[in-house]
Protein chains: 2
Amino acid sequence: MTDSTDGARLAPLDPDMFHPFCPSSEMPFRVGDKWTGMVIRCLEGGPRRFTELRAPLRSVTPKVLSETLRAMERDGLLTRTAYDENPPRVEYALTPLGRTLIPLLDAARAWSETHLPHLLAARRAHERNAA
Amino acid sequence: MTDSTDGARLAPLDPDMFHPFCPSSEMPFRVGDKWTGMVIRCLEGGPRRFTELRAPLRSVTPKVLSETLRAMERDGLLTRTAYDENPPRVEYALTPLGRTLIPLLDAARAWSETHLPHLLAARRAHERNAA
DNA sequence: AGCGCCGATACCGTTGAAGTAACCGGGCAT
DNA sequence: ATGCCCGGTTACTTCAACGGTATCGGCGCT
């Protein structure tokens, strides 16, 4: 939530935005692959570079991130723009179609804030019962 | 919940409710396991029996359905009630927590109705480009 | 010459979800 | 007594996702 869309460069992504305490990995929802939802969150504020995306995504390996981005590009969720510069620069940006997923991510997050503790409590209770 | 344990049954589930033409399997969303969302849809109208659930779920194998139901029970999304009758009868019903997921499924379906053709078109266009 | 940066790709191993096939126990109809 | 039905379970296999490590190519820097 640190983004302010000023004219210059975007604020850097918070490397802890998917910190282990963030329950996003426990949510019973998935959008596409494991990382797709988090990539959308990272690109919500504007275009980002490959290496910029790696930091907050809990050190996702380049291979998996590359696969995820390619799948999303194939499905029209984001665009990939390579600038012929040095050092090389590649920017990923959400398409309008990709942005239509944001409300769903919001809904999933809202559900989790309200109900995920309930679900996890039920799970723990069940485990205690089994033992 | 107008359930009578011996009286009029609910209308049977449409065996084609997850027909191959139903794009639910193409949706880029998942709730829990592969089948969790469909189970919720099947139980939306009231409790159902094991064999009743098998029909519309495109012949999911008993093993996978059993695993799915057990995981959902563990997470407090549904209850399992076994009646000591003959023939044996087991009913699965959504809990209030399970019902909280229905609006999310609705949102996912609404997204798919609006945008999924767009996504699939982008995918096909990309494949044509690759070829 | 050697090193590092960026954006990957190749190769390989692990994991876990999902599917297949066979079977079970009790009751009941044939 | 045989087989069927219900609601599963068990054992085995398959498959895609995910992850780890290593490496590449072009360029600039020292």
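All chains are named by letter (A, B, ...) in the order of the sequence lines, taking the proteins before the strands, and each is independently numbered beginning at 1.
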Report summary line: Testing dG19(C), dG8(D), dA8(C) for proximity to the side chain of Phe50(A), the answer is dA8(C)
Query raised in the report: Please give, in whole Å, the distance from dG8(D) C1' to Glu91(B) CD?
Result: 16 Å
Report summary line: Of the candidates dG19(C), dG8(D), dT9(C), the side chain of Arg70(B) sits closest to dG8(D)
**Report entry** Selected nucleotide, minimal atom distance to Lys34(B) side chain, candidates dG28(D), dG7(C), dG19(C)
**Finding:** dG19(C)
Query raised in the report: side chain to side chain contact (heavy atoms under 4.5 Å, CB included) between Glu67(A) and Met72(A): does it pass, once the steps are laid out?
Result: CA-CA 9 Å; Glu67(A) 286 169 355; Met72(A) 293 176 71; over 6 Å; no
Report task. Check the distance between dG16(C)'s P and Arg30(B)'s CZ and give it to me in whole angstrom. Result -> 15 Å
Report task. Please check if the side chain of Thr95(A) supplies one atom and the backbone of Leu77(A) the other of a donor-acceptor pair under 3.5 Å. Result -> yes
Requested in this report: Take Asp75(A) and Arg70(A) through the salt bridge (charged side-chain N to carboxylate O under 4.0 Å, His left out) test and state the conclusion after the steps.
Outcome: CA-CA 9 Å; Asp75(A) 287 349; Arg70(A) 211 178 316 281; over 6 Å; no
**Report entry** Length of the line joining Trp35(A):CH2 and dA17(D):C1', which is rounded to integer Å
**Finding:** 12 Å
Requested in this report: Let me know the distance between CZ of Arg89(B) and P of dG8(D), rounded to the nearest Å.
Outcome: 13 Å
Report task. On DNA chain D, check which nucleotide each of Pro88(A) and Asp33(A) is closest to and give me the residue with the more 5' one. Result -> Asp33(A)
Report task. Measure from the side-chain N and O atoms of Arg99(A) to the backbone N and O of Glu44(A), and report whether any donor-acceptor pair falls under 3.5 Å. Result -> yes
Query - Atom pair distance, as rounded to whole Å: CD in Glu67(A) and P in dG7(C) - result: 18 Å
Query raised in the report: At under 4.0 Å, does any side-chain N or O of Arg80(A) touch on OP1 or OP2 of dA8(C)?
Result: yes
Query raised in the report: Closest to the Lys63(A) side chain: dG19(C), dC6(D), dC11(C)?
Result: dC11(C)
Report task. Take the protein atom CZ of Arg48(A) and the nucleotide atom P of dC6(C), then report the distance between them rounded to whole Å. Result -> 16 Å
Report summary line: Val90(A) has its side chain closest, among dG19(C), dG8(D), dA8(C), to dA8(C)
Query raised in the report: Does Tyr83(B) have a side-chain nitrogen or oxygen under 4.0 Å from the phosphate oxygens OP1 or OP2 of dC6(D)?
Result: no
Requested in this report: In whole angstrom, give the distance that lies between atom CZ of Arg54(A) and atom C1' of dA8(C).
Outcome: 10 Å
Query raised in the report: Does a side-chain N or O from Arg49(A) land closer than 4.0 Å to OP1 or OP2 of dG7(C), or not?
Result: yes
Requested in this report: Give a yes or no on this: more than 12 heavy atoms of other residues, nucleotides or ligands lie within 6.0 Å of atom NE2 of His118(A).
Outcome: no
Requested in this report: Would you tell me if any nitrogen or oxygen in the side chain of Ser66(B) comes within less than 4.0 Å of OP1 or OP2 on dT9(D)?
Outcome: yes
Report task. Starting at atom CG of Leu65(B), determine the distance to atom P of dT9(D), rounded to an integer number of angstrom. Result -> 11 Å
Requested in this report: With the side chain of Asn86(B) defined as its heavy atoms from C-beta on, choose the nearest nucleotide among dG27(C), dA8(C), dC18(D).
Outcome: dG27(C)
Query raised in the report: Which residue lies toward the 5' end of DNA chain D, Leu69(B) or Pro62(A), if each is placed at its nearest nucleotide?
Result: Leu69(B)
